[in-house]
Amino acid sequence: MIRERFRQLYGEYPAAVYSAAGRVNLIGEHIDYCGGKVLPAALSLCCRVAVRPNGTNFLRISATDLEQTALIDLCRTEDYRDLRWWKYHAGVAHTLKQAGYVLVGCDLLFDCTVPFGSGLSSSAAIEVATAYALAKMGGNAIDKRELAVLCREAERGYCGVSCGIMDQFASANGKKGCAILLDCATLESEYIPIDLKDCVLVLADCNKPHSLLASKYNERIRETETAQSLLSRRLPIGCLAALQPYELEEYRRLLPAVIYRRARHVTSECMRVQRCVNALKAGDLSLFGELLNASHRSLRDDYEVTGFELDTLAEEAWERPECLGSRMTGAGFGGCTVSLVKRDGLEDFIARVGAGYLKKTGREASFYIAEIADGIIEEDA
Ligand code: GLA
């Protein structure tokens with residue numbers, strides 16, 4: 001379908017079709033910007049892009065769900081920061097150019113199945129798909145880690161959205177059937193095979209626009225920076241994630257109460273990531289589930305990034321006998337929960353959690369089964 005649409009729009013078939021994945025973070029929430037280890041996985045929900053060089057110095061960009069086409073002059077890539085939809089694409093082009101990549105004019109058509117505003121990283125998927133397509137068409141050598149770093153730079157520097165490296169890294173480097181244990185301080189990573197036996201991962205979108213997201217997200221970043229700088233007077237820690245729980249207790253008096261709780265989330269979440277990796281390696285799914293629950297409680301009570309809708313979804317899931325664990329995933333304040341659910345109780349789970357959520361919030365949740373897929377895919381013609 002995307003190839004046909006491309007031909008209708010631009011007169012020829014695309015030279016290539018690529019896709020970059022959305023992501024679910026299994027555990028390790030709000031610690032990537034503190035230098036912690038996180039455990040995301042790429043999803044089969046993705047952003048596809050059909051592309052063809054057009055012999056000009058312009059990018060012509062369109063999307064299957066939008067009427068308008070944008071024109072980006074490759075000589076003036078810095079000028080598109082105010083565009084609503086297309087600033088991510090322009091920002092990636094600009095950042096790649098600054099980094100010395102050869103860019104050629106192209107026609108591009110995007111088709112994104114990652115729901116927008118769902119906390120499943122639609123923007124990272126768009127950025128990585130754009131970066132990969134442009135880098136390929138320009139004949140550049142591809143390093144997926146570097147692409148992730150450049151995409152994050154585009155989101156921060158060009159689009160003005162603070163974020164850690166997790167989403168772009170997972171989108172670019174995801175591997176089918178595996179989560180990525182990513183050390184955000186060093187960018188070293190390890191694939192952890194995910195064998196869910198008789199369970200599946202269910203994503204539930206609370207369908208609440210997360211309006212507070214940007215301001216609260218930035219506030220949390222500042223709070224963790226404050227924690228680190230106050231503690232650094234006594235402790236030589238390079239990043240907050242390096243802080244051990246016993247050290248936090250020992251120096252607790254240095255921190256105002258709220259800052260202490262933020263730091264406690266960071267240290268406890270770092271421990272949970274390690275325990276979760278061990279549980280997955282040992283095939284202990286009930287421990288994995290318990291860790292999901294503990295992560296949600298910490299994000300709710302210590303980090304305060306959940307909110308009524310996500311808490312309700314998690315609590316409804318915790319009530320269900322077929323559910324081994326459930327937590328919010330992503331930045332929070334809206335978006336999705338991820339739950340570990342027995343396959344044979346799946347229908348009941350969706351029906352009961354959906355009904356309970358509707359009754360308490362007046363909103364319909366959307367459910368997806370998370371399929372863990374490759375990050376970047378080059379589709380066959
Ligand atoms: C957003 C950011 C990530 C990460 C998560 C929270 O998805 O883009 O870098 O900080 O929130 O874990």
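Note that the numbering runs from 1 along the sequence shown for the chain. Remember, it's 1-based here, ligands and their atoms both numbered in the order they're listed.
- Note: Y80 and H94 fail the aromatic proximity criterion, with ring centroids not under 6.0 Å apart.
- With contacts defined as side-chain heavy-atom distances shorter than 4.5 Å, the pair V202/L346 qualifies.
- Listed by chain and number, R23, E29, H30, D32, Y33, C163, G164, M166, D167, Y217, G330, A331 each place a non-hydrogen atom less than 4.0 angstrom from ligand 1.
- Ring-centre distance between Y217 and Y33: below the 6.0 Å cut-off.
- Nearest approach of L313 to A204, heavy atoms of both residues: CD1-O, 3.6 Å.
- No side-chain donor from either of H265 and D301 sits under 3.5 Å from a side-chain acceptor of the other.
- Cation-pi geometry between R145 and F169 is not met: the NZ or CZ atom fails to fall both under 6.0 Å from the ring centre and inside 45° of the normal.
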